[in-house]
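Contents: one structure, followed by commentary.
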Amino acid sequence: MSFLGGLSLPKTWQGWLTIVLFGFMYGPIMVLGIYSFNDSRRYTSVWQGFSLRWYESLFQDARIFRALQDTLFVAIVAVAISSVLGTLMAIGLCKYYFPGKGIYRGASYLPLIIPDISIAVATLVFLASMAIPLSIWTIVAAHMVFCLAYIAVVVSSRLGSLDPNLEEAALDLGATPTQALIKVLLPQLMPAIVAGCLLAFVLSIDDLLISSFTAGGGANPLPLEIFSRIRNGVKPDMNALSVLLILASGMIAALAEYLRYKSSTLDR
């Protein structure tokens with residue numbers, strides 16, 4: 001038995017389980033995309049015809065664009081600062097030895113494994129104890145916590161595959177450590193740095209939990225705006241917005257993975 005132009009159906013339970021799991025994960029996204037073109041005045045499961053009205057309504061929504069502006073500001077600033085700190089942290093952990101290095105490495109990568117709610121509560125408690133008022137800058141600081149860790153992990157994986165003789169040769173030829181870092185090491189790390197930044201950027205623009213705990217008056221990132229609108233039910237224009245966010249996030253994540261893959265194969 002075959003389907004879709006000759007693709008055979010799986011013959012084992014593992015194959016059927018794989019199809020079911022992929023359907024469970026991506027089926028709702030397909031339904032969301034289809035109903036974003038539904039010509040209806042309110043959210044309904046009844047198909048009433050193809051229309052782009054909700055995309056048109058979305059692009060005329062000033063609140064959405066203000067929220068998008070806040071989201072991009074937070075993501076760009078957090079990733080820009082984290083790219084510098086995360087790269088330096090990865091280089092320090094990979095190339096230098098100092099007392100407590102193992103403990104520092106473990107603490108640096110904790111944001112990758114601990115729940116977001118823990119980071120959000122801890123950040124809020126710290127800000128309250130230091131009497132720091134909540135604003136868009138507190139969101140930036142909170143996002144830097146996990147952006148830093150993700151960038152450092154990606155850069156560290158690239159550092160482990162580099163030939164250390166290149167940097168040593170530059171030093172033997174008279175280059176200073178700073179010159180060797182800028183002219184030899186950083187060009188080799190650049191694909192991994194960009195990949196880490198893209199991954200951190202996607203995580204930042206999609207974050208809801210940490211932003212909701214650290215946002216102050218006047219700061220309204222896009223995830224918070226979406227959440228506030230769907231509390232009383234999903235609106236059709238949110239379907240359209242969700243489709244655009246999924247497409248944008250998917251393309252950025254795919255580009256990050258491509259750059260990471262290319263950087264890992266440069267020395268092969």
Side-chain angles (χ1 to χ4, degrees), residues 24-48 51-79 111 115-121 123-124 127 134-147 150 197-256:
F24 179 77
M25 289 189 295
Y26 296 107
I29 297 178
M30 294 180 61
V31 172
L32 179 71
I34 293 172
Y35 277 94
S36 68
F37 299 100
N38 190 15
D39 187 14
S40 62
R41 295 186 177 274
R42 58 185 180 86
Y43 184 77
T44 177
S45 59
V46 179
W47 182 259
Q48 298 182 4
S51 174
L52 295 175
R53 61 180 299 178
W54 298 117
Y55 288 90
E56 296 173 358
S57 173
L58 182 65
F59 285 113
Q60 296 173 1
D61 194 328
R63 285 181 56 187
I64 289 294
F65 279 96
R66 286 195 297 268
L68 178 61
Q69 183 178 5
D70 286 348
T71 297
L72 293 178
F73 176 83
V74 170
I76 290 173
V77 174
V79 170
D116 285 350
I117 185 65
S118 300
I119 298 177
V121 173
T123 305
L124 180 61
L127 295 173
L134 300 181
S135 66
I136 195 170
W137 291 104
T138 55
I139 306 177
V140 171
H143 282 209
M144 284 176 55
V145 173
F146 60 84
C147 289
Y150 277 98
C197 289
L198 291 174
L199 177 60
F201 182 82
V202 170
L203 295 172
S204 179
I205 63 175
D206 288 344
D207 177 76
L208 169 65
L209 193 57
I210 296 176
S211 297
S212 64
F213 275 72
T214 56
N220 187 36
L222 192 57
L224 295 184
E225 177 67 22
I226 296 174
F227 181 71
S228 66
R229 294 194 181 193
I230 65 173
R231 285 182 176 180
N232 298 321
V234 179
K235 305 298 190 297
D237 56 343
M238 291 298 98
N239 289 344
L241 178 58
S242 298
V243 170
L244 295 178
L245 289 176
I246 291 171
L247 291 176
S249 299
M251 288 187 292
I252 295 174
L255 177 59

Notebook entry, point to check: Around M30, counting heavy atoms of other residues, nucleotides and ligands shown, do more than 12 lie under 6.0 Å from its CE?
Noted result: no

Checklist line | Donor-acceptor contact present, side-chain S204 to main-chain A200, <3.5 Å | finding: no

Checklist line | Closest contact, heavy atoms only, F73 versus I136 | finding: CD2-CD1, 3.6 Å

Check: D70 side chain to N220 main-chain N or O, any donor-acceptor pair under 3.5 Å?
Finding: yes

Margin query: Counting C-beta onward and ignoring hydrogens, is there a side-chain heavy-atom pair between F213 and I117 closer than 4.5 Å?
Written below: yes

Notebook entry, point to check: Any side-chain heavy-atom pair from V243 and Y55 closer than 4.5 angstrom?
Noted result: yes

Notebook entry, point to check: Side-chain contact, heavy-atom cut-off 4.5 Å: P223 with D207?
Noted result: no

Note to self: Would you say that F59 contacts L244 through its side chain, given a criterion of any heavy-atom pair below 4.5 Å between the two side chains?
What the structure shows: yes

Notebook entry, point to check: Parallel, tilted or perpendicular: which describes the rings of Y150 and F146, with under 30° parallel and over 60° perpendicular?
Noted result: perpendicular

Next item on the list: Report yes or no: does T123 contribute a side-chain atom to a donor-acceptor pair with the main-chain N or O of A142 at less than 3.5 Å?
Entry: no

Margin query: If you define the side chain from C-beta out and look only at heavy atoms, does anything of F37 sit under 4.5 Å from N239?
Written below: no

Check: Is the side chain of S249 donor-acceptor paired with the backbone N or O of V202 at a distance under 3.5 Å, no angle test?
Finding: no

Checklist line | I64 and M238, any side-chain heavy atoms less than 4.5 Å apart | finding: yes

Check: In this structure, which one of L72, I205, L245 forms a side chain to side chain contact (heavy atoms under 4.5 Å, CB included) with L222?
Finding: L245

